[in-house]
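As the structure is a computational prediction, the values presented were derived from the model and not from experiment. All residue numbers in this chain count up from 1 along the given sequence.
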Amino acid sequence: MNNFVLTAELNSVAGGLLLTVVAIFAVGIAGQLLGGRLRVPSVIFYLGGGLLLGEVGIGLISLETFGAGLTTVVGLSVAVIVFDGAFALRLDRIRAAETASLRLVTIGALITLVGTAVTLRLLTGTAWDLAFLTGALLVATGPTVITPIVSVVRLRPHVSAALETEGIVNDVTAAIAAVVIFEEILLREAFGPNTIIAFAERLGVGVASGLLVAGATYYLLREELLPGEGTRAARFTVLLAAISAYGVADTVSAEAGVAAVATAGLVLANVDIPHRETIESFTEDMTLLLLAFVFVSLAALVDVDAVVSLGVAGLALVAVLMVVLRPLVALISTAGIEQFTWPERLFLSAVGPRGIIPASV
């Protein structure tokens with residue numbers, strides 16, 4: 001009797017989870033179709049659909065829905081998403097806006113980090129360590145939101161290259177910086193040389209793991225050592241490369257996985273591998289599905305009461321990020337570069353959305 005009751009309960013839980021997953025994908029795919037039809041970024045519909053499925057709406061998704069497994073699912077999804085973004089970055093595209101891109105990921109990232117921390121401190125009185133933790137998270141402008149925008153807006157190559165390069169690189173540095181600062185807070189250590197060393201170690205682990213995985217993948221693809229149809233084997237080899245790079249690096253050092261998949265994707269994007277077009281098509285399709293799942297799931301878990309409790313200070317922080325810090329970053333990054341027209345500089349000033357990395361970290 002007890003076994004029967006237990007089996008019934010397990011079936012009920014499994015059925016509820018299956019219904020939830022179906023609902024998430026249904027909302028996500030509907031968002032993609034609406035975004036394409038209306039020519040607006042589908043992220044808007046992901047967020048709206050997530051809130052509808054969450055406790056704000058019908059209550060289908062809560063923190064208990066996926067349990068501890070959500071962290072792993074989100075991590076692996078982020079691995080494929082970041083890999084796909086990096087895999088689209090050819091060096092010749094980066095060179096189209098290399099000066100602006102370099103400034104965006106160095107001077108621009110530093111301005112965003114410090115500016116956000118100082119603004120948060122002044123508006124809310126938040127402790128400096130937590131203010132810098134927030135600033136680190138909000139440096140990221142990832143491919144998860146940049147790519148949908150670029151795909152519906154016609155841009156000259158140097159503009160889209162600058163935005164996509166910024167998204168990939170800042171995703172990596174923001175994730176690692178946030179974890180390093182968080183650990184410093186937990187250990188009650190003052191920021192200093194140890195912070196920089198910890199950042200470099202994590203970044204090094206990620207880059208080394210990415211290079212190793214990219215090298216192994218390149219060898220397997222070039223020599224066609226894996227059995228099966230060539231195109232199918234190539235697709236699954238690259239998918240395995242993305243999740244392997246993430247898993248190995250993240251096991252060694254937290255959040256180093258993001259650096260690993262970005263490195264692997266960037267390396268494989270710039271070497272001669274067979275079946276490139278079918279691989280790109282496959283990773284793009286996988287990314288669309290995973291983007292829908294992750295954005296809808298995480299949006300459903302947003303604590304709206306906590307957001308509302310930020311009040312005027314929260315709105316003021318967003319306003320400073322949008323109309324002060326982002327334009328400042330864009331103008332400094334493109335200063336003296338003749339290929340960027342003033343309309344393009346203004347466009348860069350208006351595009352600084354935060355993607356899945358801050359949410360997932």
Side-chain angles (χ1 to χ4, degrees), residues 71-91 94 101-102 104-106 108-110 112-113 132-133 135-147 163-184 194-218 238-271 283 287 290 294 354-361:
T71 302
T72 302
V73 172
V74 169
L76 293 176
S77 299
V78 167
V80 177
I81 293 167
V82 173
F83 180 91
D84 176 61
F87 193 63
L89 273 182
R90 297 291 190 94
L91 289 179
I94 297 175
S101 298
L102 180 61
L104 283 169
V105 302
T106 52
L110 185 61
T112 304
L113 169 63
F132 273 97
L133 174 60
L137 283 170
L138 293 180
V139 165
T141 61
T144 56
V145 281
I146 294 295
T147 301
L163 286 171
E164 290 172 336
T165 303
E166 178 193 23
I168 291 294
V169 176
N170 282 357
D171 261 6
V172 173
T173 55
I176 295 175
V179 170
V180 169
I181 292 173
F182 184 63
E183 289 188 350
E184 297 290 294
N194 289 337
T195 308
I196 299 174
I197 293 171
F199 178 87
E201 286 178 348
R202 275 185 165 79
L203 184 61
V205 168
V207 171
S209 301
L211 289 174
L212 287 173
V213 170
T217 305
Y218 174 76
V238 169
L239 176 61
L240 178 61
I243 60 177
S244 297
Y246 180 87
V248 170
D250 222 55
T251 300
V252 175
S253 190
E255 296 309 324
V258 179
V261 291
T263 301
L266 189 59
V267 170
L268 291 173
N270 291 281
V271 295
T283 56
T287 295
L290 294 174
V294 175
R354 272 53 184 173
I356 208 64
I357 288 296
S360 63
V361 173

Chemist: For Leu268 and Ala214, work out which heavy atoms get closest and say how close.
Modeler: CD2-O, 3.7 Å
Chemist: Is it true that, when you exclude Phe182 itself, more than 12 heavy atoms of the residues, nucleotides or ligands shown sit nearer than 6.0 Å to its CZ?
Modeler: no
Chemist: Of all heavy-atom pairs between Tyr246 and Ala79, which one has the smallest distance, and what is that distance?
Modeler: CB-CB, 3.5 Å
Chemist: Find the distance between CG (Asn270) and CD1 (Ile94) and round it off to the nearest 0.5 Å.
Modeler: 6.5 Å
Chemist: Write down the atom of Ala245, the atom of Val261, and the distance for their closest heavy-atom approach.
Modeler: CB-CG1, 4.2 Å
Chemist: To the nearest 0.5 Å, what is the distance between OG1 (Thr141) and CG (Asn170)?
Modeler: 5.0 Å
Chemist: Might you point out which heavy atoms bring Val205 and Ser253 nearest each other, and give the distance in Å?
Modeler: CG1-CB, 4.3 Å
Chemist: Going by heavy atoms in the side chains, are Thr165 and Leu104 under 4.5 Å from each other?
Modeler: no
Chemist: Nearest 0.5 Å, please: how far is OG1 in Thr283 from CD1 in Ile81?
Modeler: 11.5 Å
Chemist: Distance check, rounded to the nearest 0.5 Å: Ile146 atom CD1 versus Ile168 atom CD1?
Modeler: 10.0 Å
Chemist: Could you give the distance from CG (Leu102) to CD (Glu166), rounded to the nearest 0.5 Å?
Modeler: 12.0 Å
Chemist: Mind checking the CG-CD1 spacing from Asp250 to Ile243? Nearest 0.5 Å is all I need.
Modeler: 13.0 Å
Chemist: Looking only at non-hydrogen atoms, find the nearest pair between Leu113 and Ala136 and report the distance.
Modeler: CD1-N, 3.3 Å
Chemist: List the atom of Ala249, the atom of Ala260, and the distance in Å for their closest heavy-atom pair.
Modeler: CB-CB, 3.6 Å
Chemist: Contact between Val213 and Val248 at the side-chain level, heavy atoms closer than 4.5 Å - yes or no?
Modeler: no
Chemist: Using the side chain to side chain contact (heavy atoms under 4.5 Å, CB included) rule, take Ile176 and Val258 through it: C-alpha gap first, then chi angles, then the decisive distance, then the call.
Modeler: CA-CA 8 Å; Ile176 295 175; Val258 179; over 6 Å; no
Chemist: Could you walk me through whether Val105 and Thr173 pass side chain to side chain contact (heavy atoms under 4.5 Å, CB included), step by step?
Modeler: CA-CA 9 Å; Val105 302; Thr173 55; over 6 Å; no
